[in-house]
Each structure stands twice: as structure tokens, then as C-alpha cells.
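Structure record follows, encoded as C-alpha cells.
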Amino acid sequence: MKVLMINKFLYPNGGSETYIFKLGDALKAHGHEVQYFGMEHEGRCVGNAVNAYTSDMDFHGGSKLSKLTYPIKTIYSSEARKKIRLVLDDFKPDVCHLNNFNYQLTPSIILEIRKWEKESKHKVKIVFTAHDYQLVCPNHMMNNPNTHENCEKCGHGAFMNCTKGKCIHGSTAKSAVGTMEATFWKMKGTYKQIDTIICPTQFMKSKMDYNPVFKSKTVAMLNFIDTVEWKDTAKKDYVLYFGRFSEEKGIKTLISVCKELPDVQFIFAGTGPLEDEIKGVKNIKNVGFQTGEALEKLIREARFSIYPSEWYENCPFSVMESQMYGTPVLGADIGGIPELITVGKTGELFESGNKDELKKKIQKLWGDKNLTDTYSKNCKDISFDTVEQYYQKIMRIYGK
């Protein structure tokens, strides 16, 4: 089988890139042919045989002329259609697997795939993995960045709410472009041409299903995670938060609780706009952004980790990773987080944004070392999909 992986970034940039690289490797390990289509970039590490990619679009720089043309290019890209056609003619894929494509590649590539299918008479299946809420929310988060409130106003297709709420970077102009983009493709009915939409959680599926066009196409399938060696690690007396220091992640609420629990030691590992608010809190040690073995050690040795998010998290890898390393998670009951924690076995939940409940749950777990030790041992039995197990499922979706 020939699979064309489509993603705007073809270099390590985030979760969707990790997904396409590892899934692509799994497909190749089973004898399938895999090529990639997206933007050109100096860090690009995968590609296609004809070296056809769209121009790198930098929304934060460029000439005045390029900035004037960006609004048009983010809605429809004739360049993306021409470049993907070169790949389609050469590679002749059986499956086109879409990932993050809005704004840089645009849904115009879907039109070209179907046009090529008709003209070449080569049947191709279009599969889309939804890494965020882009198809039902122009700012992709279902969260208004100005009020920091979760919002579902655009969920049923009323995209003008994006402009009214200035939901994209707090800008009326950028939000208007987002509204136009979403409305244009809704009117064209382009997303009807997608065969299957993979949602990494049941929660995301429920939001995508707001749109009746998507409801018959969605399937919930948790992301895969690398298997790790189980180690019976000696725990140290600290509670860990690792991730971005930003409003939607619930950091303000967590910091407020930390101040009320001076006898509990917290370690924060990350960076972000709220970093200054951590300074001066005596029981918080900020170790900055960590990766690799250093991050693994921090996770393994923590009594438990906290994931206090206040927006509709999709399928946060951090929650899965913590448990895989044998550290229970105290998570907010929002988005896809509850689907990743077995309450009373590998962790606990608290009401998202509820400072009092978060404080009580921290006190409960911190004050009962036997309980957290039990939760930690239970993590050994977690059965998140490996990439091999995920591969078997994806092949059923691909139709082979």
C-alpha cells in the first residue's frame, strides 16, 4: 500500500509531527511505501520523490507584500494544489492521510486529491487525524484567548462568533480571516470528501460530531505511546508539573494553591508567559524546560504529577507519559484527560478550575504515601496502545 502523509510541518515541531513520523516508520516497517507532503523548511527531515513542497509561510515575518497576500493564501492555495498534484501523479497513493493542514496548505489540497482520483481513475482514501478542533473552531482550541473561557459558539457552524470574540490572537482582522476560511470551506462542502476522521479521544469526537457532516465519519482512537522500561523507582518528596506555563493550562490556579500549601514541595518544569508568576513562591522550584533523560528522571521520581488544564485538552501526551513512567496523575476533569486516568487506580481527577477541590486532592495524595505508592505500582498495568497496536487499527481504517 502507498500512503501519502500530509502535514504542514515536515520537521520536529510538535505532537502531530511526532505522530506522522512514528506512524510512517511503522507503515514502512510493514512493507508499505510512505511519502510526505507539506511545506519546505530548512529543518525538513522527510519528503517525497519529486521534491514538491509549498513555500514556507512565516506569519510573523516576511515583506509587506507577503503579509498583504497571506489572508488569501491561508484560505485557498493554488500553489499547494499544483505541488501536491506533482506528488500524486508520481507516487499514486492509495491513502492520503491528512494531519495539520489548515492555513498553510489549506483544504484546497482535498479538492486536488479528488480531482486527481477522478482523472487518473485511481481510487484513493482520504483519512484525517484531528490533532485539534480546527474543523469546528477557527482558533482550533474552543477557548477564547481574551476571556480564557471555553467556548462552543462556532461548533455548529456559526463561525462569525470567531470575529465577534476576536478569538485569533485577540485580533479582529485575523479572526475575520479565520471566519472567512471556515465559512468558505463549509459552503463548498469540501470536508464531505474526507472518508474517515480519527479523533484521539471520545471527547474530541463528541465536539466534532456537532457537525452532522462529520458525525458519520468520526472514530475515536487514543494516540499511541512508546513503550518504556518499567523501573521500580524510589520516589522523592515533590509534586511535579511539567508543561507550558500559560493561562489555559491552569497554571494560575495551581500557583494559587501552591501558596496555600507551604509544606508541599512542587517542581515546575517548563516555560511560558506566566513564568514570572512562579518567582518568589518559596515551595515551587522552577527547573525550566526539560527533555530526554532529565525529564524522565523528574517524572519517575515525583510522588505524583499534576495536569491542571482549564481548556478542552485533546489527548495530552504528558498525562500518558507520567503514568507510563510509574507516576500517578492528578488531572483536571476536562477534555480528553478523564479518558487517560483510571480514577482510584492510577490517579485522581478534580473539577477543572476549582481551586478548593484541587487543594484537597493534593493534600489527600501528599498526605498518604501508601496511596500514591499503590497508584504508582498500578501504573505498571496500563495498556495504552503501542505504535504497533495503533498500526493494526489504522490499517482497518485504511481499508486493508
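Worth knowing before you read on, the calculation uses all heavy atoms, side chains too, and leaves out hydrogens, waters and symmetry mates.
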Exercise. Below 4.5 Å, heavy atoms only, C-beta onward: do Thr253 and Ser256 meet side chain to side chain?
Worked result: no
Exercise. Taking side chain as C-beta onward, heavy atoms only, is Phe268 less than 4.5 Å from Ile255?
Worked result: yes
Problem set entry | Enclosure of Lys188 NZ (heavy-atom neighbours >12, cutoff 6.0 Å) | no
Exercise. Between Lys82 and Glu79, does at least one N-O distance fall below 4.0 Å, as a salt bridge requires?
Worked result: no
For this session: Any chance you could lay out the side-chain contact (heavy atoms from CB on, under 4.5 Å) test for Gln193 and Leu111, step after step, and finish with the verdict?
Result: CA-CA 8 Å; Gln193 300 181 49; Leu111 301 180; 3.8 Å; yes
Exercise. If you take all heavy atoms of Ala332 and Leu349, which pair is closest and at what distance?
Worked result: O-CD2, 4.1 Å
For this session: Could you please spell out the steps behind the salt bridge (Lys or Arg N to Asp or Glu O under 4.0 Å) verdict for Glu310 and Lys252?
Result: CA-CA 10 Å; Glu310 293 176 9; Lys252 277 195 171 182; over 6 Å; no
Exercise. Does the side chain of Thr54 pick up a donor-acceptor pair with the side chain of Lys83 at under 3.5 Å?
Worked result: no
Exercise. For His131 and Glu17, does a side-chain donor sit closer than 3.5 Å to a side-chain acceptor?
Worked result: no
Problem set entry | Under the ring pair (Phe, Tyr, Trp, His ring centres under 6.0 Å) test, residues paired with Trp116 that sit two or more places apart | His122
Problem set entry | Ile168 CD1 to Thr179 OG1 distance, which is reported to the nearest 0.5 Å | 7.0 Å
Exercise. In terms of the angle between their ring planes, are Tyr241 and Phe245 parallel, tilted or perpendicular, with boundaries placed at 30° and 60°?
Worked result: tilted
Problem set entry | From CA spacing to verdict: salt bridge (Lys or Arg N to Asp or Glu O under 4.0 Å), Asp356, Lys359 | CA-CA 5 Å; Asp356 291 336; Lys359 180 180 177 180; over 6 Å; no
Exercise. Do you see a donor-acceptor pair shorter than 3.5 Å between the side chains of Ser16 and Asn99?
Worked result: no
Exercise. Would a 4.5 Å heavy-atom cut-off, applied to side chains only, mark Asp132 and Asn100 as touching?
Worked result: yes
Exercise. Any donor-acceptor pair under 3.5 Å linking the side chain of Lys186 with the backbone of Gly157?
Worked result: yes
Seminar exercise, completed: Between Met324 and Ile382 the two heavy atoms that sit nearest each other are SD-CG2, 4.3 Å
Problem set entry | Cationic N near anionic O, under 4.0 Å, Lys377 to Asp373 | no
For this session: Please determine, by modelled atom types, if His41 and Tyr53 share a side-chain donor-acceptor pair under 3.5 angstrom.
Result: no
Exercise. Between Lys22 and Asp25, does at least one N-O distance fall below 4.0 Å, as a salt bridge requires?
Worked result: no
Exercise. Should Ile251 and Leu295 be regarded as members of a common hydrophobic cluster, given that ILVMFWY residues are connected when their side-chain heavy atoms come within less than 4.5 Å of each other, either directly or indirectly?
Worked result: no
Exercise. Quick one: are Leu261 and Trp366 in side-chain contact, heavy atoms under 4.5 Å?
Worked result: no
Exercise. With a 4.0 Å cut-off, would you call Lys125 and Asp94 a salt bridge?
Worked result: no
Seminar exercise, completed: Rounding to 0.5 Å, atoms NZ (Lys8) and CG (Leu98) come to a distance of 12.5 Å
Exercise. Between Cys315 and Glu339, is any pair of side-chain heavy atoms under 4.5 Å apart?
Worked result: no
Problem set entry | Atom pair NZ (Lys92) and NZ (Lys2), whose distance is rounded to the nearest 0.5 Å | 7.0 Å
Problem set entry | Joint hydrophobic cluster, Leu365 plus Leu240, side-chain heavy atoms closer than 4.5 Å | no
Exercise. Going by the ring-ring contact (aromatic ring centres under 6.0 Å, His included) test, which pairs reach into residues 291-317, not counting sequence neighbours?
Worked result: Phe203-Tyr312
Exercise. If every non-hydrogen atom of Leu88 is compared with every non-hydrogen atom of Cys96, which pair is closest and at what distance?
Worked result: CD2-SG, 4.0 Å
Problem set entry | Thr201 side, atom OG1; Leu340 side, atom CG - distance, nearest 0.5 Å | 8.0 Å
For this session: Look at the side chain of Lys393 and the backbone N and O of Met221, then say whether any donor-acceptor pair between them is shorter than 3.5 Å.
Result: no
For this session: Answer whether the closest heavy-atom distance between the side chains of Ile397 and Val95 falls below 4.5 Å.
Result: no
For this session: Check the pair Phe159, Glu181 against side-chain contact (heavy atoms from CB on, under 4.5 Å), reporting the backbone distance first and the verdict last.
Result: CA-CA 9 Å; Phe159 299 121; Glu181 190 265 356; over 6 Å; no
Exercise. Are Leu4 and Ile110 linked, directly or through other ILVMFWY residues, by side chains that come within less than 4.5 angstrom of each other?
Worked result: yes
For this session: Return yes if a side-chain donor-acceptor contact under 3.5 Å exists between Ser246 and Glu248, otherwise no.
Result: yes
For this session: Kindly work out whether a path of hydrophobic side-chain contacts (I/L/V/M/F/W/Y, heavy atoms less than 4.5 Å apart) joins Tyr398 to Val219.
Result: yes
Exercise. Between Ser322 (side chain) and Thr327 (backbone), is there a donor-acceptor pair under 3.5 Å?
Worked result: yes
For this session: Using a 4.5 Å cut-off on heavy atoms from C-beta on, say whether the side chain of His140 contacts that of Asn102.
Result: no
Exercise. Are Ile278 and Phe242 connected in the hydrophobic side-chain network, where two residues link if heavy atoms are under 4.5 Å apart?
Worked result: no
Exercise. What is the ring orientation for Tyr391 with His32, classed by angle as parallel under 30°, tilted 30 to 60°, or perpendicular over 60°?
Worked result: tilted
Exercise. Quick one: CG on Asn150 to CG on Asn144, what's the gap to the nearest 0.5 Å?
Worked result: 10.0 Å
For this session: Examine distances only and state if a side-chain atom of Asn139 and a backbone atom of Asn143 form a donor-acceptor pair shorter than 3.5 Å.
Result: yes
Problem set entry | Under 3.5 Å donor-acceptor, Gln389 side chain and Thr386 backbone | yes
Seminar exercise, completed: On a heavy-atom basis, the closest approach of Glu260 and Lys355 is OE2-NZ, 2.6 Å
Seminar exercise, completed: Scanning both residues in full, the closest heavy-atom pair of Pro138 with Ala182 reads CG-CB, 4.1 Å
Exercise. To the nearest 0.5 Å, how far apart are CD in Gln363 and CG in Leu358?
Worked result: 10.0 Å
Exercise. Is the centre of the Phe101 ring less than 6.0 Å from the centre of the Phe128 ring?
Worked result: yes
Seminar exercise, completed: What one should report as the nearest heavy-atom pair of Tyr191 and Pro107 is OH-CG, 3.3 Å
Exercise. Counting N and O atoms only, with roles assigned by atom type, does the side chain of Gln323 sit under 3.5 Å from a partner on the main chain of Val319, one being a donor and the other an acceptor?
Worked result: yes
Exercise. Between Lys205 and Asp209, is the closest basic N to carboxylate O distance under 4.0 Å?
Worked result: yes
Exercise. So does Asp195 pair up with Arg114, basic N to acidic O under 4.0 Å?
Worked result: yes
Exercise. Partners of Lys153 by salt bridge (charged side-chain N to carboxylate O under 4.0 Å, His left out), sequence neighbours excluded?
Worked result: none
Exercise. Between Ile84 and Ile6, is any pair of side-chain heavy atoms under 4.5 Å apart?
Worked result: yes
